Every structure is written in structure tokens, then in C-alpha cells.
A.B. asks: 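Below you'll find the structure I mean.
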Amino acid sequence: MTLPRIEYNHAYLDEQTKRTIRRALLKAVAIPGFQVPFASREVPMPRGWGTGGVQVTAAVIGAGDTLKVIDQGADDTTNAVSIRRFFERVAGAATTTDTGEATVIQTRHRIPETPLAEGQIMVYQVPIPEPLRFLEPRETETRRMHALQDYGLIYVKLYEDIARFGRIATTYAYPVIVNGRYLMDPSPTPSFDNPKLHRSPALHLYGAGREKRIYAVPPYTDVESLGFEDHPFEPQRFSQPCAICGSTGVYLDEVVLDDRGGAMYVCSDTDHCERTAAAPAAAAAAAAERAPSRRAGAYERAHSTRMHTFDEQEGAHA
Amino acid sequence: MYVAVKGGERAIAAAHELLARRGRGDRAVPALESDQVRDQLGVLVSRVMNEGSLYDPDLAARAIVQAQGDALEAVTLLRTYRTTLPRYGATVALDTAGLPSERRVSATFKDLPGGQQLGATFDYTHRLLTDAADDEPAGEGLGTGLRPARPAEAPAAADGHLDARMPRISDLLGAEALLEEHVPSPGDPEPADLTREPTIFPMSRAERLQALARGDEGFLLSLGYSTQRGYGRTHPFVGEVRVGEVEVEFVAPETGEALPIGRIEVTECQMVNQFVGDAVTPPQFTRGYGLAFGRAERKAMSMSLVDRALRADEFGERRVGPAQDEEFVLAHSDAVEATGFVEHLKLPHYVDFQAELVLIRQLRAVHRQRDRAGHETTAGDRVGQSDSIGGTP
Ligand SMILES: [Zn+2]
């Protein structure tokens, strides 16, 4: 018996499929925050493990691109390693862990600490693209609500948080309004990362493989995290610096040291941490001068303002 | 401690090496060949082809071996390969009335044109676990279906194959207009293809049937079962179940003629269900339909029950059970998607968990301060589990 020979196309997805995905991406960019249905294909990893992100990356990555893949902010988590190796293998992609060097960054759950620049593409792996899903399980209903901009339900949910806990108790997948129109789930990134999306010079693409939806935040788009006048959006804060590199104002992982409550806090963004630790004295200066030419002045100002505010708040709390 | 998350690359390689070793087992035992799986585990091969949406017993058998017998893993392998294949178009609709049936049973009529034929079935076998060494003498074995009494022959007319044309039970009832007509969609378009087009609810019946054909056998079985227990009752009768090989024809654009391109084995189920009718339309039985690759009777029957239940709106029935809810059924019937998302909970979630930790500590600190300040805590103030809008991703 001769078995048929199995061969896969270059970069795995065939060109026809890539074009289909690109069309969905173009539509997503044209209508920021709107979920565009697409015929999500199988890819050689399980649904729920980044198949949407993998398809988006496969559709946008070109010969001149350098890919970075992170999971939980880290380049060396197993699923990030697996996806990076996939693209090295099937697309012959150049890869990096350096945020500044990457032109395409596929991520799960984090936006890097290093400010993004024009020309960079963030690709998010999205589990549940619909921000209203846990308030209304039906797609036919939520589609109608988006069409009518009927977002009362989500404000009721946030209000209930305040009534119950005295504050908004949503810490990740914190809903945003994009371009003043569509309610969007920024994927389960911590709300800490939400401000990085506002007027970001990079292009942010979201791929939900299992749910077959693509959406986008184009560069320099308004992204407003929901809140109330008396209870505005507040990103998370950490009261201690990174135990390895000393960074403050970054997202930290808690590393449990023993069973007596001992713990240390370290950067979730491993690339940021390693580079900061390598140049501790000049950390701040280095971060500022890494890619000034590629960074938009407006964003830089906005970013440093945000960080400033952040530090002040932290100081007030300490 | 922090180093624990490092070294992912080496850990993955080592894990895969171990997986291969575990899959191979004792090297003193000959390795399992995929043609053994194809020929001797045919029911499993059928399941993998169905949920993998690809009729190819050889590849399905290879996938089963590669997946170490994990059916869903094998389905995933098959689909991942299938999606890279070009799609040339839709075949001519299969003529199941013309299929020389290896098996054909009807629960609605004792006798019917073409007759009944038991064929290869586990029905009426005694489900006794036996020693594989026991050969069963013809006519006096335990009836376990384990060992053939005689070597395989061509399953010819001598075996009682009915070569007369067997009209479908639905056609027999249809002749009297007792059963709803089987009307193709207006214009009889090529069926939609869920694997090439976005999923948008509500779906056409053709799309629904395609989704059910790819759906998890166990899930559809349970849903079909639930309709029998009152969650969307449809009063089903098995009009007909048949298993056999059918010719597949394709119209080549060059010639414009339908050409046979091969034969596939299929299992078809026509479920006849409670009638509907009103002042205008005389009462008619309705139907549910199931079609599956290979020998897959349980799948085809479950599928036809769920297909019928999903037609609730069409017949103005009140939707009272999950099996009647299109979004619920179709969004959750795909086992590849389900298993991927359930199993992704193994992936690290420490960033989001950290966010929850920070919050819960803040909330508890506020709580403690309030207690210390001597305020009485009422039940309404109690801090419960926080909730995220995005859910656990
Ligand atoms: Zn650090």
C-alpha cells in the first residue's frame, strides 16, 4: 500500500486563505473595534492556544519582518516558544526577544513595557472576542447591541461592581470604547495595559480563532477604558519595584518563595527586565533613547505623562 | 524559583521525546501499523473521518496511530491537514436510494420494498468480553462479533445483498404526502461550507447539518437523548437507517458531465417525527436527517434527532430544551474547539491571576480597616469572589 505523501504549503496557510484573512483585517482596520467574522482555519495547535493570533501573524508576516512572541509577557513560556518555533519552521521567520527590534509581536495577555513605535504590529491571541458575552450569551443579540450601540448592560455590570465592592472589580479584559463607537474587549490583558492602547502609534490586530472573529485598533486611535465620573477607570498599581531590575511602574509577577507567605515580585515582561538589569544605572536613560526616531513625539509625551501620574499615585499610596 | 519558567524550549523537546516513548510502549511488541487500524478499528476510523470532515480511511488511520488512540487529537491532525487542501467544488448530491445497502433497517414498517437487511451490526450481539483466542464456530458462538467464523468473502449477492433498488422510506411516505417534502433551498445553490466561510447565526439548514456532521458524537448523542426525555420532544421513529457504499460524482467543468470520482461508505438516518399541520396545511410527518462517513450509526441517529429539534422555529414549536437552541448546540458541538479551549486552562494565566490577587488583597485590606474602625459588617457588605467581564480566558 502506498500512502499519499503529505506536504504543507510554505508558511502553512495557502495564499488564498491568507488573502481571505487580509481582507478581514482590512475591514477590521477600517471599522476600529468592530468584530469581523472570518473563516478561521485549522492551524497545527489546538483551538484556544492562539490559533487566531497564528492566522493573523501568518497573514501579515513578510520576508523582511522580525517576529517576537510572548505569553504572560515572557518570551520563554512554553506556548510562546512553541509558536515562535512554528514560524521559524514554516515561514523561515527571523525572530527576536527584543521588543524594539520586532516588527510583529504576537502576544497573549500582555502588551510590552517598552513603548511601541510606528510600523510595529501587535497581534493578540483572543479567547472570547465579545465583551458582552458573559452578560448576553447569544451572538444574534450581542450583534444587535453593537449595531444599536446599546451598551447599557456593561455599565450596569460595572455599577454592580461598585455597589458590591466599592470599586470596579474588573482587573483584566477590561472593556474599552474604540474610536468613540465600538465596545471592545482588549483581550485578557490586565487593565494595567489598557492605557498603552490609547493613541498607540502601533497597529493592534486581534485574532479569535475558535470564535472566528478579527478586530483591530489602528494607529493613533482613541481607546477609552470604561468608567464613571465619580468612579473613573483606574489601572492596577504595584507598590514595590521589580526584585531583579528595580523597575517601577511595570507589571509584576508574584513569585511564591515558600509556604509561609514569602514572595518576590519580578517584571512580567522578561525582555524589559533583562535589558534593564543589564544596564541598571542607565536604565531610565536607555529606555528613553532606545528608539526615539521611531517613536512619535505625541505618544512619548502621553506615555511619560501617564507614567508620571502613575508614580504620583503610587507615592500617595505608599 | 524564578528559573522554573525558563528553559521552555528544552522542556518541550524532552516532553515530546517522552511522549514518543510512551506511545511506542514495549519494544518487544510489534509496532501498530496504520493499515491494521484502518481495517480492524473501522468504527474509530469512521469517527475520526466524520469529525475531521475528510473521507480518507488511510489518513484517518495514520492520525489515530500518531495520536496514540486519542480520537480528538486524531481529528485535529486530520483537520489541520485537510484545511491545506484545495477545494474544487461540490459533488453531485449522493443518491442514497441507489446505494446497494449492506445494512438497512426501518422501525416504522415491518416490510417495505427492498426489504430489511441487518448487515454488520453490534445489535443483538451479546456484550460479553471474551478471550481474543476464542474462535467462534459458525452459528454457535457467543455472538460477540469478535471473530468471523469464515474468512471474508466478497460481500456479494450470495450473502443476501439486496440489489433491487430500495426506495427511501421517506419517498414511500412522501408519495402519499404524509411526510413533509424534501425541498432543496431556492435555486438549489451549492451548499455553504463552514470550513471556508465565516460562521454567522442563524445558519441555513445545510450549514447546520454540516456543523452536526463535524460535531462530537458524544455531545450529539446526549443532546438527542435529552429530546427523548422531554427537553424538546419530537416523537421520533427511525424511518430508516442504512449503511453502504455510494458512488460520488463530480461535474468536471471541462466536459459539463457528471463523472464518477470514487466510492465512499456512508451511514444515513431518516428520522420520521411528529406531524404538524394547521387549518391550511393538512397534517404531515416531519423529518430529521443524519448522514455520516463510514459505519457511524450512533452518530447518524443522534444527528437526525438534533437536526429535527433545531427545526423548532420552522414548525412554530416552543423552544424549551437546549437541543432546540441553534447557538447553544452549534457553538458547542465541535469537539476540537471544545477540547482546545478547555485544555488551554493548562496554559499559564499568572498575569490575570496576579491582577485578581492585587484586587482581592486591596478589597480585604479595606474590609479589615472597616472592621477595626468598629463598623458592623452586614451580610450585604461581605466581599465575595470578584468577577471579570472577560471571564477566565
Ligand atoms: Zn524587572
Side-chain angles (χ1 to χ4, degrees), chain A residues 1 3-4 6 8-9 12 14 37-39 41-44 46-49 71-74 76-82 109-110 127-128 131 133-134 138-140 154 157 164-166 169-175 185 187-188 190-192 210 212 236 238 251-255 257 266 268, chain B residues 1-2 5-9 11-12 34-35 56 58-59 62 76 79-84 86 194-202 327-328 331 334 336-344 347-352 354-359 362-363 366 383-384 386-393:
Chain A
M1 181 184 62
L3 292 168
I6 296 178
Y8 292 108
N9 303 309
Y12 184 73
D14 56 291
F38 82 114
R41 294 304 193 85
E42 283 83 4
V43 289
R47 291 292 198 207
W49 296 55
D71 187 340
Q72 313 296 301
D76 56 3
T77 34
T78 43
N79 204 44
V81 171
S82 163
H109 294 195
R110 276 311 311 277
I128 304 277
R133 180 59 68 240
F134 296 98
R138 262 164 231 291
E139 180 71 16
T140 38
I154 197 110
K157 148 76 181 137
R164 217 165 130 207
F165 301 113
T170 296
T171 58
Y172 57 90
Y174 192 105
D185 184 337
S187 93
S191 63
F192 177 92
R210 197 174 34 75
K212 306 176 179 66
Q236 290 132 308
F238 292 87
Y251 199 84
L252 300 174
D253 286 339
E254 180 172 338
V255 181
L257 296 175
V266 297
S268 131
Chain B
M1 187 60 72
Y2 184 56
V5 296
K6 302 262 181 190
E9 201 136 357
I12 290 176
S34 64
D35 50 356
D56 192 323
D58 290 314
L59 287 183
R62 277 166 75 168
T76 307
R79 282 196 193 178
T80 314
Y81 174 65
R82 176 199 190 275
T83 198
T84 65
L194 285 176
T195 68
R196 292 289 197 270
E197 291 146 34
T199 327
I200 294 171
F201 293 109
E327 282 203 35
F328 178 81
D334 192 306
V336 171
E337 289 172 4
T339 194
F341 201 42
V342 167
E343 293 195 56
H344 107 288
L347 290 179
H349 283 79
Y350 40 78
V351 162
D352 293 344
Q354 188 63 48
E356 295 285 85
L357 273 180
V358 169
L359 175 63
Q362 278 171 2
L363 292 174
V366 170
V383 174
S386 86
D387 199 13
S388 89
I389 287 168
T392 306

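Keep in mind the model is a prediction, meaning the values are calculated, not measured. First the proteins, then the strands, lettered A, B, ... as listed; each starts at 1.
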A.B. asks: Could you give the distance from CG (B:Asp352) to CG (B:Leu357), rounded to the nearest 0.5 Å?
C.D. replies: 11.5 Å
A.B. asks: Given that the side chain runs from C-beta out, which part of A:Arg138 has a heavy atom under 4.5 Å from chain B: side chain, backbone, both or neither?
C.D. replies: both
A.B. asks: Below 4.5 Å, heavy-atom pairs only: which of A:Val43, A:Leu252, A:Thr140, A:Asp14 has the largest tally toward chain B?
C.D. replies: A:Thr140
A.B. asks: Between chain A and each of B:Ile200, B:Val336, B:Val342, B:Thr76, count heavy-atom pairs under 4.5 Å; write down the option with the most.
C.D. replies: B:Ile200
A.B. asks: So what's closer than 4.5 Å to chain B heavy atoms on A:Tyr12: side chain, backbone, both or neither?
C.D. replies: both
A.B. asks: Got a donor-acceptor contact below 3.5 angstrom from the B:Gln354 side chain to the A:Asp253 backbone?
C.D. replies: no
A.B. asks: Can you tell me which of B:Val366, B:Thr84, B:Val358, B:Leu347 forms the most heavy-atom pairs within a distance under 4.5 Å of chain A?
C.D. replies: B:Leu347
A.B. asks: Does any backbone or side-chain atom of B:Pro86 lie under 4.5 Å from a heavy atom of chain A? Answer side chain, backbone, both or neither.
C.D. replies: neither
A.B. asks: Which bit of A:Tyr251 comes within less than 4.5 Å of chain B, counting heavy atoms only: side chain, backbone, both or neither?
C.D. replies: side chain
A.B. asks: Cut-off 3.5 Å, side chains only: do B:Thr80 and A:Glu42 have a donor facing an acceptor?
C.D. replies: no
A.B. asks: For the atom pair OG1 (A:Thr77) and CD (A:Gln72), what is the distance rounded to the nearest 0.5 Å?
C.D. replies: 7.0 Å
A.B. asks: Would you compute the distance between atom CZ of A:Arg47 and atom CD of B:Glu337 and round it to the nearest 0.5 angstrom?
C.D. replies: 5.5 Å
A.B. asks: If you look at every heavy atom in A:Ala80 and A:Ala74, which pair is closest and at what distance?
C.D. replies: CB-O, 3.9 Å
A.B. asks: Counting only heavy atoms closer than 4.5 Å, note whether B:Glu343 contacts chain A via side chain, backbone, both or neither.
C.D. replies: both
